[in-house]
Amino acid sequence: MFNNIFLLMRQELALSVLVFLLLFIKIGKERSNTSILNFVNIALFVNLIIGICFVGKGELFSGMFATNALIILEKNILNLAVLIISMQSFAWLKNHDQVIEFYLLIFTSLLGMFFLISSGNLLIFYLGLEMSTIPLAAAANFDLSKRKSSEAAMKLILSSAFSSGILLMGISFLYGTSGTLTFSILTAHISNNPLQLFAFILLVSGFAFKIAAVPFHLWTADVYEGAPIAVTSFLSVVSKAAVLFTFVSVLYKVFQPIASTWYLILILLAVVTILIGNLFAIRQDNFKRFLAFSSIAQVGFILIGISGSSVAGSASLIYFILIYVFSNLAAFGVVSLVSALTGKENISDYKGFYKTNPLLSWVLTIALFSLAGVPPTAGFFGKLFLMMAGAAKGNYGLITFAALNMVISFYYYLRVVKAIFMEENEAPIEKLGIPLVSKMAMYICVAGILITGLASMIYDYIYSLSFGL
Amino acid sequence: MNLSLLILVPLVTALAILFAKGLKQIRVIGLIGAVAQLSLATWILKLYMVERAAGNSATHLFESNYSWFTTLHINYHIGIDGISLAMILLTSVIVVAGILVSWTMDKLSKEYFFLLVLLSMGAYGFFISLDLFTLFFFLEVAVIPKFLLIGIWGTGNKTNSAMKLALMLMAGSALVFVGLMGIYYNTNTFDIVEITQMGISVGVQKFFFPFAFLGFGIFAALFPFHTWVPDGHASAPTAASMFLAGISMKLGGYGCLRIAALMPEAANSYSWIIITLATIAIIYGAFATMMQTDLKYINAYSSISHCGFVILGIGMMNKTSVNGAVIQMVSHGLMTALFFAAIGMIYSRTHTRLVSQLGGLLKVMPFISTVFVIAGLCSLGLPGFSGFVAEMTVFMGSWQNPSGDYRFATILSGASIVVTAVYILRATGKTIMGPISDEHALLADATWNEKLAAGLLIIGILIIGLAPFLINQLIMPSTNILMSPITKAITLK
């Protein structure tokens, strides 16, 4: 029994140990930020290795906590993302007074996500979701001297509370109509009766809030802009990824009986999400807002992939998120470095960036190309496979729409590239000294962007683990 | 013979450029890579001819097929026939010439040469692909370098031109993608060879052909989606213009041809639209050229007109016309690259491309002026140059189509040659003859690298022009194989 717990929950346990270690360090004598940061990064790396080492399958606590190779992979993707974010925030956290608190919040949130992904029961699902959201609201406030940061935290906590309320209502309706909270038993009780459909719609709305699908996206732009970039990248990559992983398994497994209903809902959500995300992204000048809206559009593409409801659907989702981790974090990495060292966060500040910072410019450009879906970057494969999965049902109108929207998204990504390479600026961002850790994070991201796509075994591996309807 | 070498050589060149230091090293590496590629292509040509002479009548030679994304049935399947080999040869010649022309590019030279080589790699990969996914992959690989080349090193309103070009080409590939999805989900494969054997049902063809054909058509400057051509070409630096017109537009023509061959029934039933658009492009391009005052715009608009012939040849869907379309692609590639090279040489000396400000250049730069005249004469289709052979073949093929409307389109297109003659003769006359302005009187003639580049392209033009049987020997068997099931299918109906 205990062996089992140690093996199956080792990722959660490792993270908890890390949290406690950080607490002890906090209580102990004062240490320099650099040493703490180095310790955390090494610990995160060890954590990632622990996660990769052993692939097991099983259930704990009478089905409340489930794990298998796919779930372990998903958790590893999250671990990797957090490691990269942590390395990238080096320049920002080096001079911050509350480094340990920041990591405590982030790790607790990550722990919550692990439980969310592993949940086999609506209770633990809700518990994980809340555990992952509430620390983030505090973390969003971490630019302690900025008003915008606390505004962002306020908006985040209010909107998440609201969405949790909706979600909880959906859950209680589900419980009321089926009498169970366990996923595996629940499936048999799901049908098209109105109350359950209503519950389902509430549930989807809750999910849509977390992944910032239109029309539940209104909180994102302000929160992303106000929060520190490390938190923004955590929100837009890790937290979205965790919820999407859960979303697809809930849809494919629990709500399997009403697949034709959620297919329509997904299509609808996808169309509005892509369109609105794209149209708003065109007009942004603040880099963080820009990435916020562009990531809304990305979620739209993910929804298209999910709507395919085949093995390829969930495989392309996980594959895309892996790529998205690399590409979005590479972009955020450059932005966070520039913001930490110069305080500049606008796209117009990046004019003439290439003349002073060629390396950063190329990293940012490759990242944006990957987000736009240009070969040979991985983003090309990621987006294409999502759309291929979506086209499997023969919905070619939707695919045409998505493909043409890729052109719109192309426009705004290229706009940034244009500013970097082609436009003149009297006072460009000066040459920045890049800390070694941040540089390593960038190289990891770029390597990920270039390799994940071309190396087909990664997709094939994910496919072999995935599940369809 | 492993065709992957054709991708590998540019890849190695590009990586070597990344590690080189200074313009001198970079350009030498670039040239070595390009020449190596040209020799490789020539060697493949030799092997190909030997194989064919030995009686190997397979559709594609030197095939190799590796599974790429196994779970999605995506293969890295490569192989060539005469058509793709002609395109590969064309590309490798233009790449050598382009690198020679950029010999003194000192602004961000590393990035410049890297992007040029990357662009050519996309083109090579595109031409050897026998898998639609790989084809699409390489098609898009070639888009971004164009955007950066124009936007960074261009002249005039460069950022807008670059953006317009990139977005229109991306829209084109989006349409191609939808078409490919349709093919994929109705045949369960991306493999061109398998799809050709299997055939696609007529209903599916009719639905998805417009997407794919139009998508590639945008690359090939199909009217009314030609608007990226003039601005893009005019703003681009010399080598990029050469690559754009000489290689990139050929991606479109080649793609159109492959799509038409994959979906022959649909191509046949939509042929009237294709031919109408092509005829409009030919006439409109010719007349629009008349109004231009900038040499690069003149060549860019005339490219629209000339690429119209490619589409016309494909739209007519018979062996001779398709043969003509392929020759026209090669011929136009060489000719237009030569034209852009000459314009670039003139511009780098006089710093103007406006016809009105030029004159009498023959006196100070006899070599460049001669090149300019040769390019012009080839463009207007003078016998002895490649343009004549190509357009003649297209006309002959088109005339074989007995329908009166199609013959009318052929006559109209043929008449456009007169307009071509007007603008070409006028532009050359004004630029080269007449009095020379004082500020241009002391300019120097071409340097060795420019002479070499121009010489290479002129040799290509003359080979096709004087000995058309050589290129026919290469591509005719393949167009015959490509078109014979189609002709059958059409006559059966």
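Letters A, B, ... are given to chains in the order of the sequence lines, protein chains preceding strands, and every chain is numbered from 1. Every heavy atom of this structure was used, including side-chain atoms; hydrogens, water molecules and symmetry mates were not.
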Gap between atom [atom2] of [Y] and atom [atom1] of [X] - 0.5 Å precision:
X	Y	atom1	atom2	value
B:Leu72	A:Met388	CG	CE	4.5 Å
A:Asp460	B:Trp68	CG	CH2	11.5 Å
B:Phe69	A:Ile458	CZ	CD1	9.0 Å

* Structure fact -> Looking only at A:Tyr411, A:Tyr354, A:Tyr396, most heavy-atom pairs under 4.5 Å shared with chain B are made by A:Tyr396
* **Option in A:Thr400, A:Leu454, A:Ile399, A:Leu414 with maximal non-hydrogen atom pairs under 4.5 Å from chain B** => A:Leu414
* Take atom NZ of B:Lys21 as the centre, draw a 6.0 Å sphere, and report whether it contains more than 12 heavy atoms from other residues, nucleotides or ligands. => no
* Asked: For chain B, which residues of residues 372-387 of chain A have at least one non-hydrogen atom nearer than 4.5 Å to it?
  -> A:Gly373, A:Val374, A:Pro375, A:Pro376, A:Phe380, A:Phe381, A:Leu384, A:Phe385, A:Met387
* When B:Ile144, B:Leu108, B:Val141 are compared by non-hydrogen pairs under 4.5 Å with chain A, the top option -> B:Ile144
* Asked: Is B:Met170 close to A:Met406 at the side-chain level, that is, under 4.5 Å between some pair of heavy atoms?
  -> no
* Going by heavy atoms in the side chains, are A:Met422 and B:Leu148 under 4.5 Å from each other? -> yes
* A:Ala391 and B:Tyr185: which non-hydrogen atoms are nearest, and at how many Å? -> CB-CE1, 3.7 Å
* Structure fact -> What one should report as the nearest heavy-atom pair of A:Ala403 and B:Phe177 is CB-CD2, 4.3 Å
Could you tell me which portion of [X] (side chain, backbone, both or neither) has an atom closer than 4.5 angstrom to a non-hydrogen atom of chain A?
X	value
B:Phe138	neither
B:Leu118	neither
B:Met163	side chain

* Side chain from CB out, backbone as N, CA, C, O: work out which of these in A:Tyr463 comes under 4.5 Å of a heavy atom of chain B, or both, or neither. => side chain
* By a 4.5 Å heavy-atom criterion (distance strictly below it), what part of A:Ala402 contacts chain B: side chain, backbone, both, or neither? -> neither
